[in-house]
Amino acid sequence: MRTVKAWAAPSATEPLSPTTIERRDLGEHDVLIEIAYAGICHSDIHTARSEWGEAPYPLVVGHEIAGTVAEVGSAVTSHAVGDRVGVGCLVNSCGECDACKAGNQQYCPQQIGTYAATDRDGTVTQGGYSTHVVVTEDFVLRIPDGLELDVAAPLLCAGITTWSPLRRWHVGEGTKVAVVGLGGLGHMGVQLAVALGAEVTVLSQSLKKQEDGLAFGAVDYRATSDEETFTDLRGKFDLILNTVSAKLPMKKYLSMLAPEGTVVNVGGPVEPFEVPAFSLIMGGKSLAGSNIGGIPETQEMLDFCAEKGIGAKIEVIPAEKVNEAWDRVVASDVRYRFVIDAATI
Ligand code: NAP
Ligand code: ZN
């Protein structure tokens with residue numbers, strides 16, 4: 001075991017504070033990563049505040065991890081000391097079920113999340129707001145040379161969570177896409193959909209971030225506080241990617257779909273959506289969900305981002321600012337991802 005520094009939530013209601021945690025000794029397929037940056041995902045906040053069910057405490061969250069390999073187990077072949085690597089939301093899965101064989105580890109019934117999950121040795125997994133992490137080699141991604149570690153960290157969750165549905169719904173040249181919510185996920189969704197060739201509209205609560213949205217490549221930017229947005233854009237989109245962390249009036253969003261269009265939801269509000277039957281029936285529309293993405297498609301997304309020069313737009317913070325950053329995320333006051341400098345942990 002090795003003792004490493006981390007910032008943990010002591011309970012659902014207390015602020016995060018500095019502590020130490022144990023990382024396991026390297027097994028033969030394990031990789032020890034010295035963390036350089038950890039992104040702050042809204043899921044960290046939902047989880048640590050027990051909004052999605054009672055979390056185990058004390059809990060270290062963080063599943064947007066970028067760093068360098070510090071040590072490898074005796075049988076590791078895919079990574080070497082000094083390699084630039086990342087870890088996302090998963091640290092293990094069964095490897096044998098149909099989902100794992102297809103590279104869809106995010107559907108494996110025995111998947112192990114990067115934090116708040118029970119690991120194979122019975123301990124609770126602890127995430128990336130820490131200086132080091134030990135992960136089995138198959139769940140460690142390569143960060144291509146063209147990507148800096150700080151802007152790459154958020155790709156490990158915000159990047160893959162928006163990339164996966166864009167690919168699954170075949171977004172490309174000529175597809176009309178709307179991205180709802182211009183936060184951490186949303187700003188990646190816009191950049192990725194634009195790079196895939198889609199015509200992208202941002203649907204945000206206000207026009208405050210319009211200039212940024214257009215700079216990310218959107219052709220249109222509308223405020224959802226303005227009722228005219230919904231009438232103007234009625235029947236327009238092939239795909240609406242909803243990244244909002246709060247409950248939305250789903251009927252109004254479904255009305256903006258073209259026939260046979262899909263609203264794919266990735267946001268995780270606590271309250272359920274209300275979906276009138278006829279808002280799906282008329283127009284043959286779909287409401288779908290999407291959960292992060294598999295390991296191979298995460299690598300594909302990282303390589304695509306390096307090739308296209310896409311990264312997250314970040315604000316790097318020292319660990320002592322993490323509680324303030326969380327408050328700002330909850331208030332939709334983030335442009336567009338906070339990233340913790342792990343050297344300050
Ligand atoms: P974020 O940075 O806080 O972005 C969410 C955005 O939603 C905000 O920036 C804001 O955008 C909009 N928003 C927030 N409250 C709203 C409200 N009451 N009404 C309307 N719009 C509102 O969060 P994130 O890290 O991108 O995560 C977004 C959601 O996705 C979270 O619930 C998170 O848990 C979930 N998530 C899911 C997956 C998955 O695999 N499915 C993966 C990661 C995260 P505007 O200011 O532009 O309106
Ligand atoms: Zn996340």
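Atoms within a ligand are numbered from 1 in the order they appear, just like the ligands themselves.
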We want to know whether [X] and [Y] form a side-chain donor-acceptor pair, criterion being a heavy-atom distance below 3.5 angstrom.
{"X": "E137", "Y": "H79", "result": "no"}
{"X": "Y115", "Y": "D44", "result": "yes"}
{"X": "D138", "Y": "T136", "result": "no"}

Heavy-atom pair with the smallest gap, counting every atom of I45 and W326: CG1-CD2, 3.5 Å
What is the closest protein heavy atom to [atom], and at what distance does it sit?
{"atom": "atom 37 (C) of ligand 1", "answer": "V266 O, 2.8 Å"}
{"atom": "atom 31 (C) of ligand 1", "answer": "H46 NE2, 3.5 Å"}
{"atom": "atom 8 (C) of ligand 1", "answer": "S332 OG, 3.6 Å"}
{"atom": "atom 26 (O) of ligand 1", "answer": "L185 N, 2.8 Å"}
{"atom": "atom 18 (N) of ligand 1", "answer": "A246 CB, 3.3 Å"}
{"atom": "atom 47 (O) of ligand 1", "answer": "S204 OG, 2.5 Å"}
{"atom": "atom 9 (O) of ligand 1", "answer": "G183 CA, 3.3 Å"}
{"atom": "atom 2 (O) of ligand 1", "answer": "G184 N, 2.9 Å"}

Salt-bridge contact [X]-[Y] (side-chain N to carboxylate O under 4.0 Å):
{"X": "E297", "Y": "R168", "result": "no"}
{"X": "E315", "Y": "R328", "result": "yes"}
{"X": "R49", "Y": "D327", "result": "yes"}
{"X": "E228", "Y": "R222", "result": "no"}
{"X": "D30", "Y": "R24", "result": "yes"}

Under 3.5 Å: donor-acceptor pair, side chain of S130, backbone of H132: yes
Residue part near ligand 1, for W52, under 4.0 Å between non-hydrogen atoms: side chain
Under-4.0 Å heavy-atom contact with ligand 1, by part of C157 that carries it: side chain
[X]: numbered ligand 1 atoms lying under 4.0 Å from its heavy atoms:
{"X": "N291", "result": "40 (O)"}
{"X": "I292", "result": "39 (C), 40 (O)"}
{"X": "V329", "result": "3 (O)"}
{"X": "S43", "result": "33 (C), 34 (O), 35 (C), 36 (N), 43 (C), 44 (C)"}

Between [X] and ligand 1, is there a nitrogen or oxygen pair with a distance under 3.5 Å?
{"X": "V334", "value": "no"}
{"X": "L182", "value": "yes"}
{"X": "L203", "value": "no"}
{"X": "G268", "value": "yes"}

Close side-chain approach of I65 to Y37, heavy-atom, < 4.5 Å: no
For E14, all residues meeting salt bridge (Lys or Arg N to Asp or Glu O under 4.0 Å), sequence neighbours excluded: none
Going by the closest heavy atom to [atom], which one wins out of [options]?
{"atom": "atom 27 (O) of ligand 1", "options": "H42, R337, K209", "value": "H42"}
{"atom": "atom 38 (C) of ligand 1", "options": "T243, T161, N265, V179", "value": "T161"}
{"atom": "atom 21 (N) of ligand 1", "options": "Q205, Q106, Q210", "value": "Q205"}

Flag if over 12 foreign heavy atoms under 6.0 Å of CZ, R142: no
Heavy-atom neighbours of Q299 CD exceed 12 at 6.0 Å: yes
Sequence neighbours excluded - ring pair (Phe, Tyr, Trp, His ring centres under 6.0 Å) pairs with any residue from residues 143-193: W163-F304, H187-F216, H187-Y336
Pairwise ring pair (Phe, Tyr, Trp, His ring centres under 6.0 Å) hits with a residue in residues 217-255, at least two apart: F230-Y253
Under 2.8 Å from the Zn ion (ligand 2), the protein N, O or S atoms, given as residue and atom: C41 SG, H63 NE2, C157 SG
